[in-house]
Amino acid sequence: MSPEHNGDGRSLGQLFASATAEMSALVHDEIALAKAELRQDAKRAGFGSAAIVGALAVMLFAMPMLSMAAAYGIRALGLTLGWSFLVVGAAYVMIALVLGLFAYGRFRKVKKPERSIASARKSAAVLQKAKPHPRPLEAQSRALEPAEAGSSAPGTAVKAKV
């Protein structure tokens, strides 16, 4: 059996190409999982943001409505100016609080992409264990000796490597 083949008949180059393709597929799958989780959380954040915008719009429009309600309330009900401001203002504050609590509940459901993080950690652990096995130093030094001896020209000194 030649040194470039392992037991299943594939060459080292074929094994390297296969490993590279599988690593690429793994990375693409990790990215797809992270995108799916983030897309779901982005929808939740979008609904929460819409509720906050709604609460702010209600509060913005509450000020002129309070003034008109007070004027009509005094005429129709015979209430004083202070009571009519208080009743209408309290109603709009309650609506804003309900919308704010709805937004808070939506934002609490937004989470970090836990499955993607766990999967990436598992992949990193596997890759850390799959380190190449270096050749012994003796084999490397024997392989370099003939190359160094043949490269020096006659009459030139070979400098020692540090």
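Each residue takes its place number in the sequence, starting with 1. Below, each value reflects all heavy atoms present in this structure, side chains not excepted, and no hydrogens, waters or symmetry copies.
The salt bridge (Lys or Arg N to Asp or Glu O under 4.0 Å) analysis of residues 114-125, with sequence neighbours excluded, yields the pairs Glu37-Arg115.
Of all non-hydrogen atoms in Ser18 and Arg10, the two that sit nearest each other are OG-NH1, 3.8 Å. Phe102 and Phe47 get closest at one heavy-atom pair: CE2-O, 4.4 Å. Contact detail for Ala55 and Ala96: the closest heavy-atom pair is CB-O, 4.0 Å.
Considering only residues two or more places apart in sequence or on other chains, Arg44 meets the side-chain contact (heavy atoms from CB on, under 4.5 Å) condition with Gln40, Asp41, Lys109, Val110. Taking the side chain to side chain donor-acceptor pair (under 3.5 Å) definition, one finds that Glu30 meets it with Ser119, Ser123, sequence neighbours left out. Residues that satisfy the side chain to side chain donor-acceptor pair (under 3.5 Å) test with Asp29, not counting sequence neighbours, are absent from this structure. Applying the side-chain contact (heavy atoms from CB on, under 4.5 Å) test to Lys43 and every residue at least two apart in sequence or in another chain returns nothing. In terms of the side-chain contact (heavy atoms from CB on, under 4.5 Å) criterion, residue partners of Leu97 (sequence neighbours excluded) are, by chain and number, Val93, Met94.
Cluster membership for Tyr104 and Ile95, using ILVMFWY side-chain heavy atoms within less than 4.5 angstrom, is not shared.
Under a cut-off of 6.0 angstrom, the local environment of CZ in Phe107 is crowded, with over 12 non-hydrogen atoms contributed by other residues, nucleotides or ligands.
Taking CG from Leu38 and CD1 from Ile31, the interatomic distance works out to 11.5 Å, rounded to the nearest 0.5 Å.
With hydrogens and angles ignored, the 3.5 Å screen pairs a side-chain donor or acceptor of Ser49 with a backbone N or O of Ala45.
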